[in-house]
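Atoms within a ligand are numbered from 1 in the order they appear, just like the ligands themselves. Keep in mind that what you see is a predicted model, and the values were worked out from it rather than measured.
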Amino acid sequence: MNLGTALIHNGHETEPLTGALGVPIIQTSTFDQGDLSAPQEYDYARSGNPTRKALEEIIATLEGGAKGYAFGSGIAAISSVLGIFSAGDHIVAAEDVYGGTWRILHAFYKRWGLETTVADAADPDALRRAIKPHTKALFLETPSNPLLKITDLKACLGIAHEAGLLSIVDNTFMTPYFQQPLKLGADIVVHSATKFLGGHSDVISGLAVTGTEELGKQVYAVQNSFGAVPGPWDAWLVMRGIKTLKVRMEAQQASARKLAAWLLTHNKVEEVFYPGLESHPGRHIHEAQASGAGAVLSFKTKTLEQALRFLGKVKLAATAVSLGGVETIASYPVKMSHGSMPPKERARLGITGTLIRISVGLEDAEDLIADFDQALQ
Ligand SMILES: *Cc1c(COP(=O)(O)O)cnc(C)c1O
């Protein structure tokens, strides 16, 4: 079955009791256990809820994994997965992981004795060199944020495998519609479902999928004891979003391609970062591991004033944090997603004041281009 079909037909398209097309929202904190001698599937909703479970099964199916888990946010999913490690363990992470991932590793888990080294994941040898005797996992994200750098997943997951490390891939930008890291050898995939999976800028949610039942048990132990679970309404909103993932990804990507090509020709634009561009350095690697370039791009204006003026004048894009919604969003990584990163580190990575990240929505590409043009004048 192709993924477009699996988005609709995944075992949860009809509710068996009533025939309803969709998953019911079971709004309860606890479950009547009736006969205590017969164990039942649900006892307390932190430990399990049928609405949440449907979402967990759907994402596991879509990613081709063994077990799926839903969380109250993408960062809750990432933090909970990192919770399977122990004090004294070491993680090697891509240096341009999502700002919040950088913060949880450096400012939170570090205090609990989990050590992290970051390396340029566009260079597999740099990752290999960062591995220490007590390294337990590799944490990757591709395309990266906000510069859309590409990590060679096969090469890097191969390095992890060789060194006996677990590999975790943040698949938020691509979604399983365009990229399925478990099939390339990753052990765990994490998502901010707040972004393309939810797709409508109306829910904060996160997901994790493990390649094996055994890893699933470890993640479940953290989910249940840490308790960063979503409510059933939020789980339902993500399932509703997933049903239209294909059409949204295709339409938003088509506009992103047009916008990227147009930006490349603009005289106020210094550089455009989009894996669908001929000139993108990681394009061939990306095309070998993903079936689309996605709907997120970044560009640098020639001057700081031009960037600030663009953000002030653009009308069809909200100036906001987040991405992956039906509405176009312009964000300013220096102040937003990477605001929590030390300025020196930011500068080293090329995240400058002239950099603007665009998540392309469902508006007409021609209207977006006309609006961006007036905002750049
Ligand atoms: C947004 C985002 C996260 C964090 O997800 P939240 O839902 O905001 O907690 C993690 N990784 C990536 C790539 C993201 O874009």
Side-chain angles (χ1 to χ4, degrees), residues 55 59 63 69-83 91 93-109 116 118 121 139-151 153 168-179 181 186 188-209 223 226 228-231 234-235 237-238 241-242 249 252 256 273 275 286 290 294-298 318 320-325 329-333 335-341 349 351 355 357-361:
L55 171 60
I59 193 64
E63 287 286 3
Y69 298 95
F71 298 88
S73 69
I75 275 299
I78 291 165
S79 309
S80 299
V81 164
L82 291 170
I91 309 272
E95 65 185 2
D96 44 5
V97 285
Y98 175 72
T101 305
W102 206 93
R103 179 171 53 194
I104 197 82
L105 284 167
H106 287 86
F108 181 87
Y109 274 114
T116 300
V118 295
F139 192 107
L140 304 172
E141 183 183 320
T142 181
S144 77
N145 183 24
L147 290 171
L148 289 302
K149 277 165 71 176
I150 303 301
T151 298
L153 284 177
I168 304 160
V169 178
D170 186 331
N171 201 27
T172 299
F173 273 39
M174 286 289 100
T175 81
Y177 184 67
F178 284 141
Q179 180 171 274
I188 302 177
V189 164
V190 291
H191 279 285
S192 170
T194 309
K195 314 294 169 57
F196 290 102
L197 291 172
H200 294 73
S201 309
D202 53 10
V203 62
I204 296 281
S205 180
L207 298 165
V209 181
Q223 184 195 43
F226 207 55
V229 295
D234 285 358
L237 277 170
V238 175
I242 284 174
M249 291 307 271
Q252 289 172 230
F273 308 88
H286 183 73
V296 180
L297 60 90
S298 301
V321 172
S322 202
L323 58 101
I329 289 181
S331 53
Y332 196 48
K335 287 261 170 76
M336 296 175 173
S337 56
H338 290 67
S340 57
M341 188 178 265
L349 296 176
I351 303 165
L355 180 71
R357 188 191 72 196
I358 305 293
S359 170
V360 182

Checklist entry - When you measure from the side chain of Thr172 to the backbone N and O of Ser192, does any donor-acceptor pair fall under 3.5 Å? => result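 Yes: the side chain of Thr172 pairs with the backbone of Ser192.
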Reported [atom1]-to-[atom2] distance for the pair [X] and [Y], which is rounded to 0.5 angstrom:
{"X": "Leu323", "Y": "Ser337", "atom1": "CG", "atom2": "OG", "result": "9.0 Å"}
{"X": "Ile188", "Y": "Tyr69", "atom1": "CD1", "atom2": "OH", "result": "10.0 Å"}
{"X": "Ile329", "Y": "Ser201", "atom1": "CD1", "atom2": "OG", "result": "4.5 Å"}

Give a table of atom pairs where an N or O of ligand 1 lies under 3.5 Å from a protein N or O.
unit_1, atom_1, unit_2, atom_2, d
ligand 1, 5 (O), Ser192, OG, 3.0
ligand 1, 7 (O), Gly74, N, 2.8
ligand 1, 7 (O), Ser192, OG, 2.8
ligand 1, 7 (O), Thr194, OG1, 2.7
ligand 1, 9 (O), Gly74, N, 3.0
ligand 1, 9 (O), Ile75, N, 2.8
ligand 1, 11 (N), Asp170, OD2, 2.7
ligand 1, 15 (O), Lys195, NZ, 2.7

Checklist entry - Is there a side-chain contact between Val296 and Pro146 (heavy atoms, below 4.5 Å)? => result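 With C-beta onward as the side chain, the pair stays apart.
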Item to check | Phe108 atom CZ, over 12 foreign heavy atoms within 6.0 Å | outcome: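 More than 12 heavy atoms, drawn from other residues, nucleotides or ligands, come within 6.0 Å of this atom.
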